[in-house]
2 protein chains.
Amino acid sequence: MAAKANPVPSVWAREQSTPDQPALSRAAIVREAVVMLDADGIEALSMRKLGARLNAGATSLYRHVATKDELMELAVDEVAAEITVPAPGGPWREAATEAAASFRATALRHPWLSSVLGQAGLAYLGPNLMAYSERLAALFAATGFPEPSRAIDTLLSYVIGMSTTEAAWLTTVARSGDTEAAFIARLMPAAQQAAADHDHLASAYADAAVTATVDPVAIRDAKFSYGLDVVLDGLEMRLTR
Amino acid sequence: MAAKANPVPSVWAREQSTPDQPALSRAAIVREAVVMLDADGIEALSMRKLGARLNAGATSLYRHVATKDELMELAVDEVAAEITVPAPGGPWREAATEAAASFRATALRHPWLSSVLGQAGLAYLGPNLMAYSERLAALFAATGFPEPSRAIDTLLSYVIGMSTTEAAWLTTVARSGDTEAAFIARLMPAAQQAAADHDHLASAYADAAVTATVDPVAIRDAKFSYGLDVVLDGLEMRLTR
DNA sequence: CTTCACTGCGTACGGCGTTCGCATTCAGCG
DNA sequence: CGCTGAATGCGAACGCCGTACGCAGTGAAG
């Protein structure tokens, strides 16, 4: 690689034992893959481009990773480490709210996560994902739920559903190049025309047109916490019963 | 095409004006795409294979569909027609339960739907999706929710999250070639080893190992309706308040 | 000094989505 | 009936993609 970089085929021009890069390693590959995924989305990640980013040939990656799917699995587990769950002991409801918010924040920070979840689900067995599940289980068991895993699945389903929808929306917005408010404004005519024959939708869109262009982020936050409160209310009923 | 099928390049061997197929049309393309998606999953659909299924060249499809993404959008709207929502008037809770079950059934009948939702969300404006939203809005508005769209978003998030997770799981199972119970049994050792250092997970898996291999379908059904009841309880509080 | 496991990489294969220009068909019109 | 112009199908080609394979260099072990 050093010799090839230099066009003069002379021994004397050869560079000296250059361990310039920290070498190729599974950890480095996964880390850079996450960076690329965050920056340009899931369809912009190819083994060739990833190799190039690491000053390596595309096929060199296969010494450390069996397949691209496996790489994605590793990337998911990598970002799963970012999701926090409060330790048991404090007030349950606040802890659950915090855990849900952390999941959502992570999903929005790495929008490609939603795409992968849709294809592979949460069946991965990576260490970070396992640790996350364990902390969730510990929290819910300590709270005294009769069926902790049922409660967890319910909460997670809501959080996943909302976060996935939101992440997909933000991806669409980002691809448009506009700000979120501008994108909404640009989309409204088409949406209102499509809803023309539907009374309830039309009025809902009319409302949205006014408010959503002002502060879309606040609206999304409020929507998330409304639904979260709904779910937590329902869960609480089963707790105190 | 007729001439090419015959190896003898003679005028006399030419077939007679064969309009054998009902011709290529957008509707036929979308219909066949859904069939292929259902049969072999999202990654098995390529424009070439789809063209071949329709006795057409791959590129002929582009006369009727701008791009593969657009085709997927059309396919989503096609299956969206299958989701039913009861008309307003009856008891609200049963109607919502029915609507949720219909969404889930559709998502499980077309597991590729979840993959697409993860990438594109529900921002599509297809007529069937719009009609679906309208019926939901009508139901919730008639019920008297103070903020119908909030309630809808909450319910939908739960349903989407649970269905997506379930569809992804079933896809993984299907790819393995095993039955669901057999797949679980085969997976358990690895799962239990991965959970070895996690107390709560280990015991949860131990429970699952016993019950899940018996009737996985019933367990998934129960899980879904448990969470659905949680959400509906939470919504009902806001209704009667 | 030899050996050997390990790592990187160039090449190549088959498949993909999509573009482009040509061939064919056919409805509508003179 | 003959002509024309639009609509439709298609083959070839472009630039990507994931990945199998076998060779080349390297550094530690013997």
Side-chain angles (χ1 to χ4, degrees), chain A residues 1-7 9 11 14-29 32-33 36-37 40-75 112 115-116 119-120, chain B residues 1-7 9 11 14-29 32-33 36-37 40-75 112 115-116 119-120:
Chain A
M1 152 185 143
K4 179 206 145 209
N6 193 310
V11 203
R14 180 161 46 95
E15 297 170 14
Q16 208 88 326
S17 69
T18 49
D20 28 355
Q21 297 302 321
L24 223 43
S25 74
R26 170 177 284 203
I29 291 172
E32 191 66 22
M36 288 187 66
L37 286 166
D40 300 317
I42 198 171
E43 63 213 9
L45 179 71
S46 78
M47 298 302 271
R48 289 176 220 265
K49 287 182 199 156
L50 178 57
R53 283 274 208 122
L54 293 161
N55 293 353
T59 65
S60 306
L61 307 175
Y62 285 90
R63 293 284 175 198
H64 306 271
V65 151
T67 181
K68 194 190 180 183
D69 284 352
E70 184 186 299
L71 173 60
M72 293 304 300
E73 206 171 325
L74 292 168
W112 48 272
S115 315
V116 181
Q119 290 182 289
Chain B
M1 154 184 144
K4 180 205 143 208
N6 194 309
V11 201
R14 181 161 44 97
E15 298 170 14
Q16 208 90 325
S17 71
T18 49
D20 28 348
Q21 297 302 320
L24 222 45
S25 75
R26 170 178 282 202
I29 291 173
E32 190 66 24
M36 287 188 67
L37 286 166
D40 301 317
I42 197 170
E43 64 213 7
L45 179 72
S46 79
M47 298 302 271
R48 289 177 219 266
K49 287 181 199 157
L50 179 57
R53 283 278 207 117
L54 293 163
N55 294 353
T59 64
S60 307
L61 306 175
Y62 284 90
R63 293 283 175 196
H64 305 271
V65 151
T67 181
K68 194 190 179 184
D69 284 352
E70 183 186 299
L71 173 61
M72 294 303 300
E73 206 170 326
L74 292 168
W112 49 272
S115 315
V116 181
Q119 290 183 288

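Every heavy atom of this structure was used, including side-chain atoms; hydrogens, water molecules and symmetry mates were not. In the text below, chain A, chain B and the rest are named by the order of the sequence lines, each starting its count at 1.
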K.L.:
Testing the basics here: between A/E70 and A/V65, what is the closest heavy-atom pair and its distance to 0.1 Å?
P.N.:
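Shortest heavy-atom separation between A/E70 and A/V65 comes out as OE2-CA, 3.9 Å.
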
K.L.:
Send over the distance from A/E70 CD to D/dG18 P, rounded to a whole Å.
P.N.:
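That distance rounds to 15 Å.
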
K.L.:
When you look at B/K49 and B/D40, which way does the side chain to side chain contact (heavy atoms under 4.5 Å, CB included) test go after all the steps?
P.N.:
CA-CA 12 Å; B/K49 287 181 199 157; B/D40 301 317; over 6 Å; no

K.L.:
Within this structure, what is the CG-to-P distance between B/L61 and D/dG9, rounded to whole angstrom?
P.N.:
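My rounded result for the distance is 9 Å.
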
K.L.:
Once you round it to whole Å, what is the distance between C1' of D/dT8 and CD1 of B/I29?
P.N.:
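After rounding, the gap between these two atoms is 11 Å.
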
K.L.:
I need the minimum non-hydrogen distance between A/L24 and A/S60, along with the two atoms involved.
P.N.:
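Residues A/L24 and A/S60, closest heavy atoms: CD2-CB, 3.8 Å.
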
K.L.:
A/H64 side chain N/O closer than 4.0 Å to the phosphate oxygens (OP1, OP2) of C/dG8?
P.N.:
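It does, given that an N or O in the side chain of A/H64 lies less than 4.0 Å from OP1 or OP2 of C/dG8.
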
K.L.:
Write down the distance between CG (B/L54) and C1' (D/dC10), rounded to a whole number of angstrom.
P.N.:
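From B/L54 CG to D/dC10 C1': 14 Å.
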
K.L.:
Minimum heavy-atom separation for A/I42 and A/L37, please, with both atom names.
P.N.:
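Scanning both residues, the minimum pair turns out to be CA-CD2, 3.7 Å.
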
K.L.:
Nearest-Å distance, CZ (A/R63) to P (C/dG10)?
P.N.:
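Those two atoms, CZ and P, are 13 Å apart.
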
K.L.:
Is any side-chain heavy atom of B/L61 less than 4.5 Å from a side-chain heavy atom of B/L71?
P.N.:
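B/L61 vs B/L71: side chains apart.
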
K.L.:
Which letter, B, S or -, goes with each nucleotide of nucleotides 12-18 of chain C from 5' to 3', with contact meaning a protein heavy atom under 4.0 Å?
P.N.:
B---BBB

K.L.:
Indicate whether OP1 or OP2 belonging to D/dT8 is found under 4.0 Å from a side-chain N or O atom of B/S60.
P.N.:
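For D/dT8, neither OP1 nor OP2 has a side-chain N or O of B/S60 closer than 4.0 Å.
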
K.L.:
Round to a whole Å and report the spacing from CZ of B/R26 to C1' of D/dG9.
P.N.:
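Taking atom C1' of D/dG9 as the reference, CZ of B/R26 is at 17 Å.
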
K.L.:
Going by the rule salt bridge (charged side-chain N to carboxylate O under 4.0 Å, His left out), which residues pair with A/R48 if we only count those two or more places apart in sequence or in a different chain?
P.N.:
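So A/R48 forms no salt bridge (charged side-chain N to carboxylate O under 4.0 Å, His left out) with any residue.
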
